[in-house]
Peer 1: 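What follows is a structure written as structure tokens; I'll ask about it next.
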Number of protein chains: 4
Amino acid sequence: MAILDATRSELASRGWDTLSFERIAAAAGVGKQTLYRWWPTKAALVSEMVTAGGILPVGPVAVTGDVRADVTAWMLAVGRVHDDPDASAVFQAVVAAVAEDADLSAHYDDRVTTVARARLAERLQQAVDAGALPSDLRVDTVTQVFLAMVLWCLVTRRPLDDALVADLVTTMLPVPLRGRRA
Amino acid sequence: MAILDATRSELASRGWDTLSFERIAAAAGVGKQTLYRWWPTKAALVSEMVTAGGILPVGPVAVTGDVRADVTAWMLAVGRVHDDPDASAVFQAVVAAVAEDADLSAHYDDRVTTVARARLAERLQQAVDAGALPSDLRVDTVTQVFLAMVLWCLVTRRPLDDALVADLVTTMLPVPLRGRRA
Amino acid sequence: MAILDATRSELASRGWDTLSFERIAAAAGVGKQTLYRWWPTKAALVSEMVTAGGILPVGPVAVTGDVRADVTAWMLAVGRVHDDPDASAVFQAVVAAVAEDADLSAHYDDRVTTVARARLAERLQQAVDAGALPSDLRVDTVTQVFLAMVLWCLVTRRPLDDALVADLVTTMLPVPLRGRRA
Amino acid sequence: MAILDATRSELASRGWDTLSFERIAAAAGVGKQTLYRWWPTKAALVSEMVTAGGILPVGPVAVTGDVRADVTAWMLAVGRVHDDPDASAVFQAVVAAVAEDADLSAHYDDRVTTVARARLAERLQQAVDAGALPSDLRVDTVTQVFLAMVLWCLVTRRPLDDALVADLVTTMLPVPLRGRRA
DNA sequence: CTATAAACGAGACGGTACGTCGTGTCTTAGG
DNA sequence: CCTAAGACACGACGTACCGTCTCGTTTATAG
């Protein structure tokens, strides 16, 4: 879709708060009215772009025998966005938009965060069930911590690198006591 | 300072991206040029407001005998911002600004995040030294996780409540093995 | 047209150099952009006002048997502007604008001066042909003199009164020698 | 005087209505307050510049035996300003200022116009007395016509050239009837 | 040969206006 | 019928000047 592409490229090059319907319309070769007809606000437009566009590299979590390796790999994949200046600009813009706009925040929660959390939580639960993680692991909280760190690194411009992810995994996913005995 | 006050109140009522020099100037009873003379951008203005204004309720971490209680109390104090709609609007606006503006992000890192991290890290290190926390605790990473969760709750509009903080503390600040033996 | 009316009234009350697009727009209930869209400069706006508005009381020259009476009447009619403070303010503003702006000067020449000159010249030529004025009368020069005196009186704030017009007519429109003989 | 020079050069390059105290002060290397201390308005400044600066090339009228040649020469000298773009810009700016500002108009009348009129009128009266011009010549009116034509040519951007001056002189300064009889 | 005062340059200040850009609504042609 | 094109009233942008107002800093007497 020309409009969503134009939106993405404007977002990447100009950022959220100088994003303009006028320029998007011009870039997409479309009348402004067409934009307003379908998306009442900039937030709605970005919303749809995020949803439709597969912007986030939030793939499924791999399932090998080793849950810590799986989670590490998944986090590092997400962290790779940091290396693509275009993608991280879009991200930062999306975060800015989400921080300001409660509706967009809710939408984003539904369509993106929830998906990511579900995938990660599922993998963790599976590991708990398999005895690879402690049975009293707060899966929901741990899941949020992983995503919060993604957000944190994005907003504070820190790389989500090997060392950090390793530390996180070590801290958040302890070896169960039973495991030691076995 | 009338200007910074006006900035704060505009930020609370209108948000970051509709923040306007024109309105701040009018509200502060000041010419626009005076604003532009001292703060070249909205970000600089918000920067100074944050720095000068004691916006963040990031007080020192209490030192009682119980590090977990201290950290819990500190996190809950920060989380209380959620209850003040004005303050949390300012916060969200600041996050939006920081997400968009790399310079502002750096400034904020220096002046706010670093202070909070130092305070928290110091308390944790002290507990580690006292043997109340495992000696291999990744103090720096754990500290970042706590702050990341503050950001996360702010951006995703989740309350930073007792249950969540308790889970976090349990997960991040384990009892040292020596402790169990004792 | 509301815009041209607003222009005229602003011109009358504030004069040329404090004339402001901002105030005209406000007075006309119009956005500034609309003004700029159609008139790139204040001069263009005044230009059109002058052209479209029938500002100048430069009517046709009457044709009775007596050319001197006709010209006298015409000059006095023009001179009557002096009595209307509003109209003479507009005039002085127009003169100021014309003195400063070569483009406006050219436009004014085309649309106003030329018309007035043509009317006056036609009447004079007719009188020359009829033998009421000398055949060697420099019609073009004499015409310019009459208009120049209008300008002169306007700029120097002198009334264009009966006595002056009478003297002018006597000087510029001599009785032909043949006429005396006849 | 640096200030008056700066005024003249600003007037030549920018015209009357964009003339700015700020720029004059900067150009003259002077504080704004110094300007305001001595000249309350732009008009006062231009006033003094005109008075002090010998702006107008209104020299004395030569007295040879031939009054028509003398007046012609004088008019052409004035007309020569047209050839100097700088000088004519200053002139046009002064006319614009005078057209707008009644006080400046009065000042200009006293200090410049009156002088020119007196010189010209004196020469004409002398010629009348000598019988070279008709005794019923309206000296005052004729004088005004000559000056009005200078203004006219300036404002309408017409050259005050040989042909026009010759026509004017022929028309305005007729040979006395006695002269014909002689 | 200092004191004192004036005029000075510099430039901040609360304002008005500039000319431009973008908003969201509306109207007009054309495929 | 929906579209692109774009006019419109409006609000904000960042800049230029306005005229007023401190600031030190020369000068230039008057004690």
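As the structure is a computational prediction, the values presented were derived from the model and not from experiment. In what follows, every chain begins at residue 1, and chains take the letters A, B, ... in the order their sequences are listed.
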Peer 1: If we ignore hydrogens and angles and just use 3.5 Å, is the side chain of B/Thr7 paired with the main-chain N or O of B/Val46 as donor and acceptor?
Peer 2: no
Peer 1: Taking only N/O atoms, report every protein-nucleotides 20-27 of chain F pair under 3.5 Å with atom names and distance.
Peer 2:
unit_1 : atom_1 : unit_2  : atom_2 : d
F/dC21 : N4     : D/Gln33 : NE2    : 2.0

Peer 1: Tell me whether the side-chain N/O atoms of A/Ser20 come closer than 4.0 Å to OP1 or OP2 in E/dT23.
Peer 2: yes
Peer 1: Quick one: label D/Arg37 by what it contacts on the DNA or RNA (base, sugar-phosphate, nothing), any heavy atom closer than 4.0 Å.
Peer 2: base
Peer 1: Find the distance D/Glu22:CD to E/dG9:P and express it as a whole number of Å.
Peer 2: 14 Å
Peer 1: For F/dC8 and C/Trp38 - does any side-chain N or O of the residue sit under 4.0 Å from the phosphate oxygens OP1/OP2?
Peer 2: yes
Peer 1: Verify, without hydrogens or angle tests, whether D/Thr114 (side chain) and D/Asp109 (backbone) share a donor-acceptor contact under 3.5 angstrom.
Peer 2: yes
Peer 1: When the distance from CH2 of D/Trp39 to P of F/dG19 is rounded to whole Å, what number comes out?
Peer 2: 15 Å
Peer 1: Rounded to the nearest Å, what distance is computed from the CG atom of residue B/Asp17 to the P atom of nucleotide F/dG11?
Peer 2: 18 Å
Peer 1: Looking only at side-chain N and O atoms, does D/Trp38 offer a donor or acceptor that is under 3.5 Å from a partner on D/Glu48?
Peer 2: no
Peer 1: Heavy atoms from C-beta onward define the side chain here; which of F/dC18, E/dG9, F/dC13 lies closest to that of D/Phe21?
Peer 2: F/dC18
Peer 1: Expressed in angstrom and rounded to an integer, what is the separation of A/Ile24 atom CD1 from E/dC21 atom C1'?
Peer 2: 15 Å
Peer 1: According to salt bridge (charged side-chain N to carboxylate O under 4.0 Å, His left out), does anything in residues 11-28 of chain D pair up with another residue at least two apart or in another chain? List the pairs.
Peer 2: C/Lys42-D/Asp17, D/Glu10-D/Arg23, D/Glu22-D/Lys32
Peer 1: Rounded to the nearest 0.5 Å, what separation is found between the OG atom of A/Ser13 and the CZ atom of A/Arg8?
Peer 2: 12.5 Å
Peer 1: Can you check the C/Arg23 CZ to F/dA9 P distance for me, whole Å?
Peer 2: 19 Å
Peer 1: Can you confirm whether the side chains of C/Trp16 and C/Glu100 place a donor and an acceptor under 3.5 Å from each other?
Peer 2: yes
Peer 1: Using heavy atoms to find the nearest nucleotide of DNA chain F for A/Gly29 and B/Leu19 separately, return the residue whose nucleotide is more 5′.
Peer 2: A/Gly29
Peer 1: Mind calculating the distance between CG (A/Leu35) and P (F/dG6) to the nearest angstrom?
Peer 2: 16 Å
